[in-house]
Amino acid sequence: MITVTDLVDSLGAGFLRTVVAAKDAEVHDIALAEPGDAGGQPGELVLGVGVTDRAGALALLERAARAAAGGVVLKSPFAGDPRVARATRELAGPALVELQPHTSWAHVVWLLRGVIDRAAAPDTGRLGTPGPHVDLFALADAAAEIIDAPVTVEDAQSRVLAYSARQDTTDPARVSTIVGRRVPPETLTHFRAGGVFRRLARSSDPIWTPAGPDGTLPRLIIPVRAGGEWLGSIWAVVGPPVPEERIRELGEVASVLALHLLRLRAEAGIARRVSTGRLRGALREGTAPGPGAVPGPGAVPSLPAGPWRVVAFGSPYEAGDVRRQLDLWESVVRRFGWHEPLLTDIDGSLFGLVTERPRGRRPVTAGGMTDAGAGTLDWLRHVLGEVHARDAGLYAVAGSPAPSPDRLPRSTAEAGELHRLVAAGRLPLHGTRGILLMEDAWDTVVVERATAAVGIDTGLLGGPLAVLRAHDEEHGTPYRATLAAWLDHFGDPQSAARLLRIHPNTLRYRLRKIDEVAPVDLSAPRVRLALRLQLTAMDTSPARDETPGPP
């Protein structure tokens, strides 16, 4: 499923901006709306190409709402008109999206069509089939012909996206860049020291860099920008000064490249959103393709042989931003070899799916698990051991094994439960090296569930604790803490007194007074269990009785 929000977020604020959102508004096609045309069909994103005034915008919105269209795209100033936005909210129908003033309808149609088609057929563009990456190499060749020099196309993270067939004039940095598909660190340091990336991020002007250390040849760099956003750059190894007319032609190539880079980014974003959405459904509903299954468009990749575990990931940087969590953990697990991680968000938390047993036969290496073991529970233990040692705030908790897809919802619920307990400080991670399994914390979970069911006031049910609490509050006595300590230490007065920092005889005296205030049969196991659960629900801790009260 692709939503209007998916499309807008994938293309970025430089092109589209959501003015009025529509919850889960699906999109499977786009439609151009001229004055008097129908307002699209269910699941279409309607482009208000012919809208020239407020009345036309309002009329199109009404027609789109009647047709159950997914959204309407309008240009400024109509999309930002308060009356238009108010009418959209009142209709409670399609989403209202603003097309930025500098963007042409032709460009946005091309971008949206490419993203929607890519999501509907995610295999398009892979090796042997035409796609945006093939176009990038063709554009790199075109730029090389214009400048008469070898060319690479890089994104804003200095990753090589394409390069020209001609690479006759080169240097060690260029060879390493093409082979490794990324600019070497020492070369990045050289260009960063010269202020190249600062200028790329701020300006659309071409940049000339002289020869550098270790045989680095001069470069002509053309920024690739769209909507004021820096998307990447064209790098050419050049010798003599380049004529102005050729630089202008390279600028035209950069404009075309900008559209391709936007499309690539949008398609990658859509692919991830669709994949996470499918995985989310599997974890919630317990349906997933088995080993060897051929996934349909946008489906979750076929799962390895089970059993599986659902894992909830946590970090100190959460603050409700699950997309940031997804980016963070995807970066972590990819760095350790999980190239197609099964990660998704559910109700504001980040979850993953790992296999219970290692899939590969190769052991852990000094640099991390091999690809054969990536995505397994043992591999995750190794990863968390590495990252937790450097950042103690990163952790993972895992539910019980799920031997079949229908047991995934249970494992998901358990992982979420553990995650909430850790986040609330009720389940410590000390000594876990960053990963905690349900079987490691089952006792805490049982007590927490029982405590939640017991409650505080309604759970007292006429037992002795209501009387003891009233006596403690009125007279300042520590009888509830004394009773909790005695229960926790199996009725051993020496251990309980040591915890409370009092004499054993004082403890015995308090127990006699407790029996006078609220008589209770502590010899009955069921009574002791019920009392301890009620005390936990009242959040009474023996450690709080550090200052001796009345005996």
Closest heavy-atom contact between Leu436 and Leu418? O-CD1, 4.4 Å

Given the rule in the side-chain contact (heavy atoms from CB on, under 4.5 Å) test, do Leu535 and Leu487 qualify, once you have shown the distances and angles that lead to the verdict? CA-CA 10 Å; Leu535 285 165; Leu487 291 170; 3.9 Å; yes

Value for OG (Ser315) from CG (Leu350), rounded to nearest 0.5 Å, stands at 9.0 Å

Minimum heavy-atom separation for Ala33 and Val46, please, with both atom names. CB-CG1, 3.5 Å

Are Leu380 and Phe336 close enough that some pair of their side-chain heavy atoms sits under 4.5 Å apart? no

Heavy-atom distance under 4.5 Å between the side chains of Leu112 and Leu47, does that happen here? yes

Show, in sequence, the C-alpha distance, side-chain angles and deciding distance for Leu74 and Leu60, and conclude whether the side-chain contact (heavy atoms from CB on, under 4.5 Å) test is met. CA-CA 10 Å; Leu74 298 173; Leu60 177 58; 4.1 Å; yes

With distance as the sole criterion, is a donor-acceptor pair present between the side chains of Thr376 and Asp378 under 3.5 Å? no

Indicate yes or no for a side-chain donor-acceptor contact from Trp379 to the backbone of Arg381 under 3.5 Å, with no hydrogens or angles considered. no

Is the shortest heavy-atom distance from the side chain of Leu377 to the side chain of Leu437 under 4.5 Å? yes

With rounding to the nearest 0.5 Å, note down the distance linking OG1 in Thr88 to CD in Glu62. 10.0 Å

Value rounded to 0.5 Å, distance of CZ in Arg86 from CG in Leu91: 12.0 Å

Under the salt bridge (Lys or Arg N to Asp or Glu O under 4.0 Å) rule, what do Arg63 and Glu44 come out as? Steps first, then yes or no, please. CA-CA 12 Å; Arg63 297 197 303 272; Glu44 287 187 341; over 6 Å; no

Rounded to the nearest 0.5 Å, what separates atom CG in Asp345 from atom CG in Leu283? 10.5 Å

Nearest 0.5 Å, please: how far is CH2 in Trp230 from CZ in Phe197? 6.0 Å

Separation between CG of Leu262 and CD of Glu229, rounded to the nearest 0.5 Å: 7.0 Å

Side-chain heavy atoms of Asp488 within contact of Arg532, under 4.5 Å: yes

Met438 vs Val445 side-chain heavy atoms within contact, under 4.5 Å: yes

Non-hydrogen atoms of Leu58 and Ala87 that approach each other most closely: CD2-CB, 3.6 Å

Given 3.5 Å as the limit, does a donor-acceptor pair link the side chain of Arg54 with the main chain of Phe78, or not? no

Please determine whether the number of non-hydrogen atoms from other residues, nucleotides or ligands lying under 6.0 Å from atom CZ of Arg410 exceeds 12. yes

Check Leu231 against Ala258 and note the closest heavy-atom contact, atom names and distance. CD1-O, 3.6 Å

Would Leu427 and Val397 satisfy side-chain contact (heavy atoms from CB on, under 4.5 Å), going step by step from the backbone distance to the final call? CA-CA 11 Å; Leu427 185 58; Val397 290; 5.6 Å; no

For Arg309 and Glu356, the nearest pair of non-hydrogen atoms, with its separation, is NE-OE1, 2.5 Å

After noting the C-alpha distance and the side-chain angles of Glu417 and Arg449, does the key distance pass the side-chain contact (heavy atoms from CB on, under 4.5 Å) rule? CA-CA 10 Å; Glu417 187 175 13; Arg449 290 179 181 178; 2.8 Å; yes

What one should report as the nearest heavy-atom pair of Leu99 and Val73 is CB-CG1, 3.9 Å

Is there side-chain contact between Arg433 and Leu384, with heavy atoms separated by less than 4.5 Å? no

Kindly indicate whether the side chain of Thr412, heavy atoms from C-beta on, has any atom under 4.5 Å from the side chain of Arg284. no

Does the side chain of Leu261 reach to within under 4.5 Å of the side chain of Asp155, using non-hydrogen atoms? no

Would you confirm whether Glu414, through its side chain, and Ser400, through its main-chain N or O, come within 3.5 Å as a donor-acceptor pair? yes

If the test is side chain to side chain contact (heavy atoms under 4.5 Å, CB included), which one of Tyr395, Phe351, Phe313 qualifies with His419? Tyr395

